[in-house]
Amino acid sequence: MGRAHEVRAASMAKTAAIKSKLYSRFGKELYIAAKSGVPDPEMNLSLKRKIAEAKSNQVPADVIKRAIEKAKGGTDENYIECRYEGFGPGASTVIIDCLTDNNNRAFTEVKTAFNKCKGAKLANSGAVSFNYEQCGLFVFPYEDEEAMLDVMMEAEVDVQDLSVEDGMMTVKTLFQDFGKGQEAIEKAVPGVEFEVCEVTMLPNEYVTLDTDEDKEAFQKLLNILNDCDDVNKVYTNVSEE
């Protein structure tokens, strides 16, 4: 199956861009998962899967523990999930997921980021996301495609794409099968170290930016967005190729 390197490169670029915010992001997501039910992973499947995802992204145990203890302590923090979409320089598109306690502030920060970058503009909901696919994405060292397909079929995971390149396997699943897929891989490959392990938004088509001006403006947009505290994840259709 195709596009392994392209999918992997785009996801890794996005992950690298928000690396400094990784702990904060998972802290919020773990807190929300813990508050949505019992703050015990053995009794809260959403929390259990979020903990597994955090560990796969090398989030330290103390960050995970603090988020759960915070939920146990009855802290009254409410986060709102909101999504914004926009067009960047050239043929680039951007989807921004925010996790915030102040929706107006989040919108203002995102709007300001677009206003500061030449060739960028916010769009209406659906104007960009219709050309993206929400999915579960895993990249890890493994080479036996047939064996992994058997593992996924046995776990009743709907695999959308599976390929191997340079010793790294890329598996794309339906987003609702992310948890089952992760559990199946970890069971089949004990001690697996994921390079990518996340629910993500992947574009149906990737683009490259042709001019230095567009590349600089696009990077400026990403940098400003990733500096916003309320921005949780940023997705784009720009390939690293």
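Using a 4.5 Å cut-off on side-chain heavy atoms (C-beta onward), Lys215 and Val238 make no contact. For the pair Thr173 and Gln160, the minimum side-chain heavy-atom distance is 4.5 Å or more. Put simply, the side chain of Arg83 reaches to within 4.5 Å of the side chain of Ile95, judged on heavy atoms. Contact annotation: the side chain of Met169 approaches that of Val171 to within less than 4.5 Å [non-hydrogen atoms, C-beta and beyond]. Using a 4.5 Å heavy-atom cutoff, the side chains of Tyr31 and Tyr79 are in contact. The shortest distance between side-chain heavy atoms of Val234 and Val94 falls below 4.5 Å. The shortest distance between side-chain heavy atoms of Lys48 and Met43 does not fall below 4.5 Å. At least one side-chain heavy atom of Cys197 sits less than 4.5 Å from a side-chain heavy atom of Gln182.
In this structure, a donor-acceptor pair under 3.5 Å is absent between the side chains of Asn232 and Asp97.
Linking ILVMFWY side-chain heavy atoms closer than 4.5 Å, directly or via other members, places Leu149 and Val151 in a single hydrophobic cluster. Tyr235 and Ile224 fall into different hydrophobic clusters, where Ile, Leu, Val, Met, Phe, Trp and Tyr side chains are chained together by heavy-atom contacts under 4.5 Å. Tracing side-chain contacts under 4.5 Å through hydrophobic residues (I, L, V, M, F, W, Y), one never reaches Met148 starting from Leu174; they form parts of separate clusters.
Counting all heavy atoms, side chain and backbone alike, Pro39 lies closest to Ile68 at O-CG2, 3.6 Å. Of all heavy-atom pairs spanning Val59 and Tyr23, the tightest one is CA-CE2, 4.1 Å. Closest approach of Leu30 to Ala67, counting heavy atoms only: CB-CB, 3.7 Å. Here the closest non-hydrogen pair linking Cys82 and Thr100 is SG-CG2, 4.0 Å. The two residues Ser36 and Asn44 come nearest to each other via the heavy atoms OG-ND2, 4.2 Å. In plain terms, the two heavy atoms of Ser92 and Asn237 that are nearest each other are CA-OD1, 3.3 Å.
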- Query: Going through the checks in order, is the side-chain contact (heavy atoms from CB on, under 4.5 Å) test met by Lys172 and Glu133?
  - Reply: CA-CA 11 Å; Lys172 186 173 77 170; Glu133 178 185 10; 3.2 Å; yes
- Could you check Arg49 against Leu45 for side-chain contact (heavy atoms from CB on, under 4.5 Å), going step by step and ending with a plain yes or no? CA-CA 6 Å; Arg49 288 177 173 171; Leu45 183 58; 3.8 Å; yes
- Task: Carefully, step by step, assess Val189 and Phe194 under the rule side-chain contact (heavy atoms from CB on, under 4.5 Å).
- Result: CA-CA 11 Å; Val189 189; Phe194 291 101; over 6 Å; no
- Task: Using the side-chain contact (heavy atoms from CB on, under 4.5 Å) rule, take Ile32 and Leu99 through it: C-alpha gap first, then chi angles, then the decisive distance, then the call.
- Result: CA-CA 10 Å; Ile32 291 171; Leu99 199 54; 3.6 Å; yes
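With values rounded to the nearest 0.5 angstrom, Asp214 atom CG is found 11.5 Å from Cys117 atom SG. The distance from atom SG of Cys135 to atom CG of Asp158, rounded to the nearest 0.5 Å, is 11.5 Å. Atom CG of Leu225 is separated from atom CG of Leu221 by 4.5 Å, given to the nearest 0.5 angstrom. Summarising the geometry, atom CE belonging to Met168 is positioned 10.0 Å from atom CD belonging to Glu143; distances are rounded to the nearest 0.5 Å. A distance of 13.0 Å separates CG in Leu47 from NZ in Lys35, rounded to the nearest 0.5 Å. Here CG of Asn124 is found 9.0 Å from CD of Glu85. Values are rounded to the nearest 0.5 Å.
The pair Lys180-Asp177 meets the salt-bridge criterion, with a side-chain N (NZ, NE, NH1 or NH2) lying under 4.0 Å from an Asp/Glu carboxylate O. Taking a cutoff of 4.0 Å between a charged side-chain nitrogen and a carboxylate oxygen, Glu69 and Arg66 do not qualify as a salt bridge. A salt bridge between Glu216 and Lys220 is absent, with no side-chain N of the basic residue lying under 4.0 Å from a carboxylate O of the acidic one. Between Glu53 and Arg25 there is a salt bridge, since at least one side-chain N of the basic residue sits less than 4.0 Å from a carboxylate O of the acidic one. The existence of a salt bridge linking Lys233 and Glu198 is excluded, since no basic side-chain nitrogen approaches an acidic carboxylate oxygen closer than 4.0 Å.
Side-chain rings of Phe138 and Phe178 approach one another, their centers coming within less than 6.0 Å. Aromatic rings of Tyr84 and Phe107 (six-membered ring for Trp) have centroids within the 6.0 Å cut-off, being under it.
Among pairs with a residue in residues 99-124, those fulfilling salt bridge (charged side-chain N to carboxylate O under 4.0 Å, His left out) read Asp101-Arg105, Arg105-Asp230, Lys118-Glu213, at least two apart in sequence or across chains.
Dense packing is recorded around CD of Gln176, with more than 12 heavy atoms of other residues, nucleotides or ligands lying under 6.0 Å away. In Lys28, the NZ atom is crowded: over 12 heavy atoms of neighbouring residues, nucleotides or ligands sit closer than 6.0 Å.
When each of Thr200, Asn204, Thr236, Thr93 is paired with Tyr132, the side-chain hydrogen bond (donor to acceptor under 3.5 Å, both in side chains) condition holds for Thr93 and for no other.
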